[in-house]
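Working notes for the structure below.
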Amino acid sequence: MTSRESILARIRAALADPAPAPEQPIPRDYLRTHSPDDPAALLDLLHHNLADYRARVHRCTEAELPGALAGLLAERGSRTVAVPPGLPPAWLGAAAVTAVPDDGTLTAARLDTVDSVVTGCALAIAETGTIMLDGGPGQGRRLLSLVPDHHLCVVRAPGQVVASVPLALPRLDPARPQTWISGPSATSDIELDRVEGVHGPRTLEVLLVEG
Amino acid sequence: MTGTFLGMPAFPQAAAAALRDGRLRANLRHATHTIRDKRARAVAELDDWAELRAAGKAIKDHTLRHLDRYLVQLEEAVAAAGGAVHWAADAEEANRIVADLVHATGETEVVKVKSMATQEIGLNEALAAEGITAYETDLAELIVQLGDDRPSHILVPAIHRNRAEIREIFAERMAAWGRPAPADLTDSPAELAEAARLHLREKFLRARVAVSGANFMVAETGTLVVVESEGNGRMCLTLPRTLISVVGIEKVVPTWRDLEVFLQLLPRSSTAERMNPYTSLWTGLGPSKGADGDGPSAFHLVLLDNGRTAALADQVGRQALRCIRCSACLNVCPVYERAGGHAYGSVYPGPIGAILTPQLRGITSPVDASLPYASSLCGACYEVCPVAIDIPEVLVHLRERVAEQGGHPLERAAIAAAGYLFDHPAALAAAERLAGRTRALHPRRLPGPGRAWTDTRDLPQVPAEPFRDWWRRNRS
Amino acid sequence: MRVALFATCVNDALFPATAVATVRLLERLGVDVDFPAGQTCCGQPQYNTGYRQACEPLVRRTARAFAGYEHVVTPSGSCVAMVRDNYPRIGARAAADGRGTELAEAADALAPRVHELTEFLTDVLGVEDVGAYFPHTVTYHPSCHGLRVLGLGERPLRLLRAVRGLELVELPGAEECCGFGGTFAVKNAAVSAAMAEDKLAHALGTGADVLCGADNSCLLHLGATLHRRGEALRPLHLAEILASTEQHPWRPS
C-alpha cells in the first residue's frame, strides 16, 4: 500500500463514528463589510489604515499622476526604477530616472541594485489597509515588488478599492500568483515589539489616484 | 514526531526550573502582556468576531469530516496547475521525500520559510545528515538557529530571548553562518533586524531551493497560502527555482471563499494586526506552468500525516486539528507565561501544545503524559481561540486517557476514598466532625506528597463544626 | 419562594460560615431555604483530574438530592460550571458508551435549575441592593469559572457597589487565574504558587482590607498563601459580605 492509500484509509477509519452528529450548514452570518457604502469614506479609511502600518500615503488626480510620481522619486533620490510590463508609459513620463524595464529576465541580483520599483495593483482593501498584486499589467513578476528597497504603488479609486476581505476575494483569480501587502515589511520577533523593515521593501509608498 | 525532545523531564519539573530564571520570566511576561492587549484591541474592531469565529470552527469541522475527499480534490487541483503531490505517513518519510527532492536538484543548501510542520518532523537535522544545509530565514528562527537553541513559541520562537541576548547571539554567531554582524551592533530592534536583513540577503539571492509550510491549502483551486510579516517568506516562495512545501493534512479548506473567514481571523489573533504585512497565494506553477519566470519552475507539495489521523480518530480530541497556529492561546495562558515554551518539550508549546503533542506523539513518555495537567483550566485559551477549540475540555479528556493507562497509584487511592465518602453522606459527616474535633492537632506543613501544597501555603484551619451540623442545630 | 441550597463539599467541610451566610442572606430576602441532606460533592475534582467514571455516582446523587426544586442556589461558581457544562457531557458519554440515557436525562434535568448565588440574586430575584452593610475596603477577584464559563460579568460588582459603607477598589489583572485549578495546585505546585504570588501582589497593591471572591476554592489557595506570608489582607466570600448588616455586622470567625 502506498502512503497515499494508507493515509486516506486511516482518515476513513478515524471518521467512522458510531453515531455521527448531523451536519449543520456552515453559518455565514458574518458581515460582508464593516464599512458604509461610500467611496470617499472608503478611500479615507484605506489611507488611514495604510498609514497606520507605516506606509507613506499620497493622493492626486489622474492628471497629476506623472508629476506626483516624478516628485516622489526625486524626493527619494531614486535614479534607477524597475518597470513592470504594461505600466502605462505616461506614468513615468515626467520622472528624471533611468527605467529598468522587466522583459522577464531581470534577475534578483540586478533588482537588488535598482533604487525603486513602480507598480499598479489589482485591488486594495480599505478595512485592512491592504494592496493586492496579482501579476497583471503594470504589476509584473512577484520579485519586482520584493527585491528593491522602495516600492511605489499606484491605486486607482474608486475602481480598485473595496471595503473588506469578503468583498475582495471574488474579484481575484485564484490561478494567478498573488501578493497581498499591508504596509512595509515588519517583524515582531524581538520582544513582540513591531519594527518596520526587514527583507521586503523597507519603504512602501502608495499613491491614491482619484478620478 | 521526532526525537528532538526525547528525554525531556515532565512538565512540572521543567516548569519549576524555568520559574527560577528571573530573566526568562521577565522576558515572557513583557512579551505576552504586550501582544495580549494588542490582540484584544484588534479583535474588538470587528463587530462580527463571534460570527467569524463560529464560521471558522464550522468550516474546519466540515473539512475534517470529509478530509479524504478534500485532500484528493486538492491533489488533483495542484497537479493540474503543474505541481507534484507527495504523501508522507510520518516524519521519517517526509524527511526522506524532501532530501531526495533536494538531492535531485544537485543543490546542498536550502532556504526555509518558518514552518511548524518542518520543525515538528525535525527536517533541518534530517537534511544535515544528508549533507544539506537548511538556512532559517524568519528572524526568530534565525535567532534560534544561530543560538543553537530550541523554539519556545509558535509565532515568536525566540520569545524567551530579550534584545540584549539577541545582540549577543548575532555578534558571536553570524560569522560562522555567513555574513557577520556589523561590528558596532547595538541592541535596538531596528538594528538587529537590519543585521538579519544583510546576513540573509546574500542567501536569498543565491538560493536555488526553498522549503516552506503553508497556513492554508484550498481544495477547489489548489492554492496555497503563506501568511508572514518580514518578506523572508516572499523571498523563499519567489526567488528559488524549486519550492517544496511540507504541510499537515489538516491545513486544507474546501473553497477559495473560505479564505475570507480565515484571513480575517488569523492576523488579528496572531500578530494583532488588521492584516499581516505579506500574504502570498500561489496555485501550482501559475497560469504559464512556470514558463513566465515568475516564481519557481518546480513545485512539490508534501502532505504530512505524522499522527494527525490518530488525533482525528478521537471524537473529543480531534477539535485540536482545527488549530490555525495563531498562538493567541499561548499569549493569554498564565501557565505558559510563567513556565515558558521549553517546558512543554515540543515544538507546540502552550495550551494548544498541551492538547496537540500528546495526540500526535501519544502519552507514553513522562513529558507527554504530564502535558494534559499543565493547565489550571482557567479557560482564557478557549476564550481567545479564533476557531473555538475548547482546550479545557480536551485537556480533561486527555487526563482521562492518562488515568486510564495507570495514572498515579496514590491519586487513584485518594479518588476511590473520596468516591466512597461522597456517596455516603453519613460517613462524610463523621469524617468532617472528626476533623473538627482534632483540629488543634493539625500540622501547618505536610510531609510527603502533601508538601506540594504546604511549600508555599498553610493548611486551612478546619472549622469547629461542618455546615451540615450547623443546619441540623439551627434549621431542621 | 423555596429554594434548595447546594452548599458544596468545600463550604460544608472548610467554610461553613459562607453557607450560613448564604442561608441568612436568602432568608432576609424572603426566600425559604432547604438543605437536602443527600448532597455531597459535585465531582469536579475527580472529573478535572481525569476520573470521569468516578463522577457518575455523584451526578446521580446530586440530581436526586435536588429533584423537585425549581431553583438550586450555590455560593460556588466552579460547582455551577461543573453541573452546567460537564454533567451533560458525562451523561452523553455514558449514553455513547451504551450505558443507557438515565444519566444524561438526570444531568440535563438538573443543569438549568442550578444558579450561582449572584446569578440568583440579580437574575431570579432581581435585586442588586440586598440591604447589606460592610464598612471595609474591598477588592474583588472574579474566579475563572464565574468569569469565563458562567459569564457572571458585572453581577458581583453591582452587588458589591450597592453595599453601604463598602469601598470597592479595582483589582489590576482581575481576569487572570489565581493558580488554584484544583489538583493543579499540587501537580504543578511551582507554577501555581507563582500565579498566586502575582495575584496577591496585585491584591496587596490595592491597599484593600478584604479580598473578596465568589468561589472559596480560589480563596482557600490565596488565603493559605496569605496566611503563610503573614499578610493582614483577609480573604472573604461575597456571601458573607452580603449577609452582613448594621444589626448583624460581619465578625471574623
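In what follows, every heavy atom counts, from backbone to side chain, and hydrogens, waters and symmetry copies are set aside. Lettering of chains follows the sequences in order, A, B, ..., and the numbering in each one begins at 1.
Both the backbone and the side chain of C:His221 come within less than 4.5 Å of a heavy atom in chain B. Proximity to chain B is limited to the side chain of C:Glu197, based on heavy atoms less than 4.5 angstrom apart. Neither the backbone nor the side chain of C:Arg229 comes within less than 4.5 Å of any heavy atom in chain B. B:Glu465 touches chain C through its backbone: at least one of N, CA, C or O sits under 4.5 Å from a heavy atom, while the side chain does not. Proximity to chain C is absent for every atom of B:Arg472, based on heavy atoms less than 4.5 angstrom apart. Heavy atoms of C:Glu27 lying under 4.5 Å from chain B belong exclusively to its side chain. Residue C:Leu58 touches chain B through its side chain alone, counting heavy-atom pairs closer than 4.5 Å. For C:Arg60, no part lies near chain B; criterion is any non-hydrogen pair under 4.5 Å. Only the side chain of C:Val23 comes within contact range of chain B, judged by heavy atoms closer than 4.5 Å. Both the backbone and the side chain of B:Trp453 come within less than 4.5 Å of a heavy atom in chain C. Of the two parts of C:Ala54, only the side chain, counted from C-beta on, holds a non-hydrogen atom closer than 4.5 Å to a non-hydrogen atom of chain B. With a 4.5 angstrom heavy-atom cutoff, B:Asp455 touches chain C only via backbone atoms. Proximity to chain B involves both the backbone and the side chain of C:Gln46, based on heavy atoms less than 4.5 angstrom apart. Using a 4.5 Å cut-off between heavy atoms, C:Asp34 contacts chain B through its backbone alone, with no side-chain atom that close. Heavy atoms of B:Arg36 lying under 4.5 Å from chain C belong exclusively to its side chain. Proximity to chain B is limited to the side chain of C:Ala7, based on heavy atoms less than 4.5 angstrom apart. For C:Leu5, the part sitting under 4.5 Å from any heavy atom of chain B is the side chain, from C-beta outward, and nothing else.
Between C:Thr183 and B:Tyr373 the shortest side-chain heavy-atom distance does not fall below 4.5 Å. Within the 4.5 Å cutoff, no side-chain heavy atoms of B:Glu393 are placed close to those of C:Asp85. In this structure the side chain of B:Val396 never reaches within 4.5 angstrom of the side chain of C:Arg52, judged on heavy atoms. The side-chain heavy atoms of B:Phe422 and C:Arg61, taken from C-beta on, include no pair separated by under 4.5 Å. Side-chain contact between C:Asp198 and B:Arg338: present, with at least one pair of heavy atoms (C-beta onward) separated by less than 4.5 Å.
Ring to ring, B:Phe467 and C:Phe15 are not that close: their centroids are 6.0 angstrom or more apart.
To the nearest 0.5 Å, the span separating SG on B:Cys378 from CG on C:Leu147 amounts to 9.5 Å. Note that CG of B:Leu428 is 8.0 Å distant from SG of C:Cys9, once rounded to the nearest 0.5 Å.
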Practice item. Could you go through the side chain to side chain contact (heavy atoms under 4.5 Å, CB included) check for B:Leu377 and C:Asn48 one step at a time? Key: CA-CA 8 Å; B:Leu377 305 179; C:Asn48 283 349; 3.5 Å; yes

**Study point:** B:Val332 and C:Glu176: CA distance, side-chain angles, deciding distance, side chain to side chain contact (heavy atoms under 4.5 Å, CB included) verdict
**Key:** CA-CA 9 Å; B:Val332 296; C:Glu176 288 172 34; over 6 Å; no

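Comparing C:Ala185, C:Ala193, C:Ala190 by how many heavy-atom pairs each has under 4.5 Å with chain B, the most go to C:Ala185. Of the residues considered (B:Ser376, B:Ser375, B:Ala452), B:Ser376 shows the highest number of contacts with chain C, using heavy-atom pairs under 4.5 Å.
In terms of heavy-atom proximity, C:Pro16 sits nearest to B:Pro463 at CD-CG, 3.4 Å. Closest approach of C:Thr40 to B:Arg468, counting heavy atoms only: CA-NH2, 4.1 Å. Contact record, C:Thr49 with B:Arg399: O-CB, 3.9 Å, taken as the closest heavy-atom pair. Closest heavy-atom contact between B:Glu432 and C:Asp12: OE2-OD2, 2.8 Å.
At a threshold of 4.0 Å, the pair B:Asp390-C:Arg89 counts as salt-bridged, since one of the basic side-chain nitrogens sits closer than that to a carboxylate oxygen.
With hydrogens and angles disregarded, no donor-acceptor distance shorter than 3.5 Å links the side chain of B:Arg457 to the backbone of C:His227. Not one N or O on the side chain of C:Arg148 forms a donor-acceptor pair closer than 3.5 Å with the backbone of B:Glu383.
Checking C:Tyr47 against B:Glu400 by side-chain atom types alone, no donor-acceptor pair falls below 3.5 Å.
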